[in-house]
Trainee: 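A single structure is presented below for examination.
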Amino acid sequence: MKAEENILESWLKKSLYRDVFYKIGMWCIISIISFYIAGKTANFDIANYLLSFLDKSMPQINYGWMVLCIIIPISFFMKDMEAMKPDTWGMDTLRGRFGAALRKVTSDLLLWSAGISTALLTTSLIALAILFYREPQVTYKSLAQIAFVLTVLFIFLFANIWCYFILKRNNAVLFSIMNSQRGIKLGHLVIILLCLYAAHKISVDIDKKATTEQSQPKTS
């Protein structure tokens, strides 16, 4: 069964930037609508809504990035190897087809993570703007904490989109800036080790948070 073609889809397919920023716009709209619907409920508390949304979404981002820190450098490596050695890493080989499938999975996970990051950033900005309007007396410490959280969310979103663009473009990663096969392999080895270390740190932080939550007494 063939998917329906329309003017909007044809326009979006002409540019990867159009498609990605269209998705970001839709995620923002969905987040705004969800916030509006939640605000119509009785006894709606903006601060509790924001904290609850952060508590539910941040673990998903942590687990998602723990997985992405493992498969993103491998996807980049296989993309470089396909460009560098098409005879042994091309689409006609098993390794090439596996690399293409892995890049597809990585791209979908990046979009999923970007969607959650966009929803978090949009909801946080709306909620904080309303809170500042209602309670303009905000301490510098609170303002710094809020700015830090928003900056981290923006960095997460930027990293997702940047990695997505690199995976989707025709040019390879390191192969487009250096001609040394040994240098490319060494560069990817360093990147993979750093990403594995980052994944380990995220895993340790998740375990620490889970242990802390379990050790806290439950209130009835």
Side-chain angles (χ1 to χ4, degrees), residues 3 8-9 11-32 34 53-83 89 91 95-125 149-177 184 187-206:
L8 178 59
E9 289 185 353
W11 182 76
L12 292 174
K13 287 180 180 178
K14 292 180 179 179
S15 172
L16 183 60
Y17 293 97
R18 293 178 185 177
D19 185 54
V20 171
F21 287 114
Y22 169 79
K23 287 183 172 65
I24 292 177
M26 292 303 301
W27 294 329
C28 290
I29 292 173
I30 293 172
S31 300
I32 293 171
S34 299
F53 190 66
L54 288 172
D55 288 339
K56 292 178 181 178
S57 301
M58 288 306 296
Q60 298 180 34
I61 290 183
N62 289 334
Y63 279 110
W65 266 99
M66 184 175 65
V67 175
L68 286 170
C69 281
I70 298 173
I71 64 175
I72 284 177
I74 299 176
S75 299
F76 286 166
F77 171 75
M78 300 191 78
K79 188 178 182 69
D80 268 329
M81 294 303 295
E82 180 180 342
W89 289 82
M91 292 304 297
R95 284 180 290 187
R97 289 192 290 268
F98 175 77
L102 183 63
R103 289 195 294 274
K104 171 61 178 174
V105 172
T106 306
S107 298
D108 290 341
L109 285 175
L110 283 168
L111 285 178
W112 168 81
S113 182
I116 296 180
S117 300
T118 302
L120 276 171
L121 191 58
T122 304
T123 304
S124 299
L125 287 172
V149 172
L150 294 179
T151 302
V152 171
L153 290 175
F154 179 79
I155 291 174
F156 269 125
L157 178 59
F158 177 81
N160 286 320
I161 301 303
W162 183 75
C163 291
Y164 181 80
F165 280 142
I166 291 179
L167 279 178
K168 284 295 186 179
R169 69 178 186 178
N170 292 327
N171 297 332
V173 186
L174 295 181
F175 186 68
S176 60
I177 59 178
I184 291 174
H188 277 293
L189 177 61
V190 173
I191 293 172
I192 290 174
L193 291 176
L194 289 175
C195 289
L196 289 176
Y197 175 76
H200 172 70
K201 291 291 291 182
I202 295 173
S203 176
V204 171
D205 291 340
I206 292 174

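Sequence positions, counted from 1, serve as the residue numbers for this chain. Predicted model only: the values in this text are computed from it and were never measured.
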Trainee: Check whether Lys168 reaches the backbone of Leu16 with its side chain - one donor and one acceptor, N or O, closer than 3.5 Å.
Mentor: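 No: the side chain of Lys168 does not pair with the backbone of Leu16.
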Trainee: Just verifying a value: how many Å separate Ile191 CD1 and Cys69 SG, rounded to the nearest 0.5 Å?
Mentor: 12.5 Å
Trainee: Hey, what do you get for CG (Leu167) to SG (Cys163), rounding to the nearest 0.5 Å?
Mentor: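 The CG atom of Leu167 sits 7.0 Å away from the SG atom of Cys163.
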Trainee: First locate atom CG of Leu196, then atom OG of Ser203, and finally report the distance between them rounded to the nearest 0.5 Å.
Mentor: 12.0 Å
Trainee: Flag the pair Ser117 / Asn160 as yes when at least one side-chain heavy-atom distance between them is below 4.5 Å, and no otherwise.
Mentor: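 When only atoms from C-beta onward are counted, Asn160 and Ser117 do touch, with a gap below 4.5 Å.
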Trainee: Apply side chain to side chain contact (heavy atoms under 4.5 Å, CB included) to the pair Ile72 and Phe76, showing each step before the final yes or no.
Mentor: CA-CA 6 Å; Ile72 284 177; Phe76 286 166; 3.6 Å; yes
Trainee: Under 3.5 Å, side chain of Ser113 to main-chain N/O of Leu109, donor-acceptor pair present?
Mentor: no
Trainee: To the nearest 0.5 Å, tell me how far Asn62 CG sits from Gln60 CD.
Mentor: 10.0 Å
Trainee: Go through the steps for Phe158 and Ile155 under the test side chain to side chain contact (heavy atoms under 4.5 Å, CB included), then give the verdict.
Mentor: CA-CA 5 Å; Phe158 177 81; Ile155 291 174; 5.6 Å; no
Trainee: What verdict does the salt bridge (Lys or Arg N to Asp or Glu O under 4.0 Å) test give for Arg103 and Glu82, after you've listed the backbone C-alpha separation in whole Å, the side-chain angles of each residue and the deciding distance to 0.1 Å?
Mentor: CA-CA 12 Å; Arg103 289 195 294 274; Glu82 180 180 342; 2.8 Å; yes
Trainee: Not counting sequence neighbours, which residues clear side-chain hydrogen bond (donor to acceptor under 3.5 Å, both in side chains) with Lys201? List them please.
Mentor: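 Applying side-chain hydrogen bond (donor to acceptor under 3.5 Å, both in side chains) to Lys201 gives none.
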Trainee: If every non-hydrogen atom of Asp80 is compared with every non-hydrogen atom of Leu174, which pair is closest and at what distance?
Mentor: OD2-N, 3.0 Å
Trainee: Under 3.5 Å, side-chain donor or acceptor atoms of residues 20-32 against the rest of the protein: list the pairs with distances, not counting sequence neighbours.
Mentor:
unit_1 : atom_1 : unit_2 : atom_2 : d
Lys23  : NZ     : Asp19  : OD1    : 2.9
Lys23  : NZ     : Asp19  : OD2    : 2.7
Ser31  : OG     : Trp27  : O      : 2.9

Trainee: Test of understanding: with ring pair (Phe, Tyr, Trp, His ring centres under 6.0 Å), list the residues that count as partners of Phe165, not counting sequence neighbours.
Mentor: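 Checked Phe165 against ring pair (Phe, Tyr, Trp, His ring centres under 6.0 Å); matches are Tyr17.
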Trainee: Would you name the heavy atoms of Gly96 and Met91 that are closest together and state the gap between them?
Mentor: O-SD, 3.7 Å
Trainee: Set out, in order, the CA-CA distance, both residues' side-chain angles and the distance that settles side chain to side chain contact (heavy atoms under 4.5 Å, CB included) for Tyr197 and Leu193, then state yes or no.
Mentor: CA-CA 6 Å; Tyr197 175 76; Leu193 291 176; over 6 Å; no
Trainee: Give the C-alpha distance, both sets of side-chain angles, the deciding distance and a yes or no for side chain to side chain contact (heavy atoms under 4.5 Å, CB included) between Leu189 and Phe77.
Mentor: CA-CA 9 Å; Leu189 177 61; Phe77 171 75; over 6 Å; no
Trainee: Quick one: pull up CG in Asp205 and CE in Met66 and give me the separation to the nearest 0.5 Å.
Mentor: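 Reported to 0.5 Å precision, the distance equals 11.0 Å.
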Trainee: Nearest 0.5 Å, please: how far is CG in Leu111 from CD1 in Ile116?
Mentor: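 Rounded to the nearest 0.5 Å, the CD1-CG separation comes out at 11.5 Å.
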Trainee: Hey, does Ile74 have a side-chain heavy atom less than 4.5 Å from the side chain of Thr106?
Mentor: no
Trainee: Any idea which heavy atoms bring Leu150 and Ser124 closest together, and the distance?
Mentor: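 Heavy atoms only, the tightest pair is CD2-CB, 3.8 Å.
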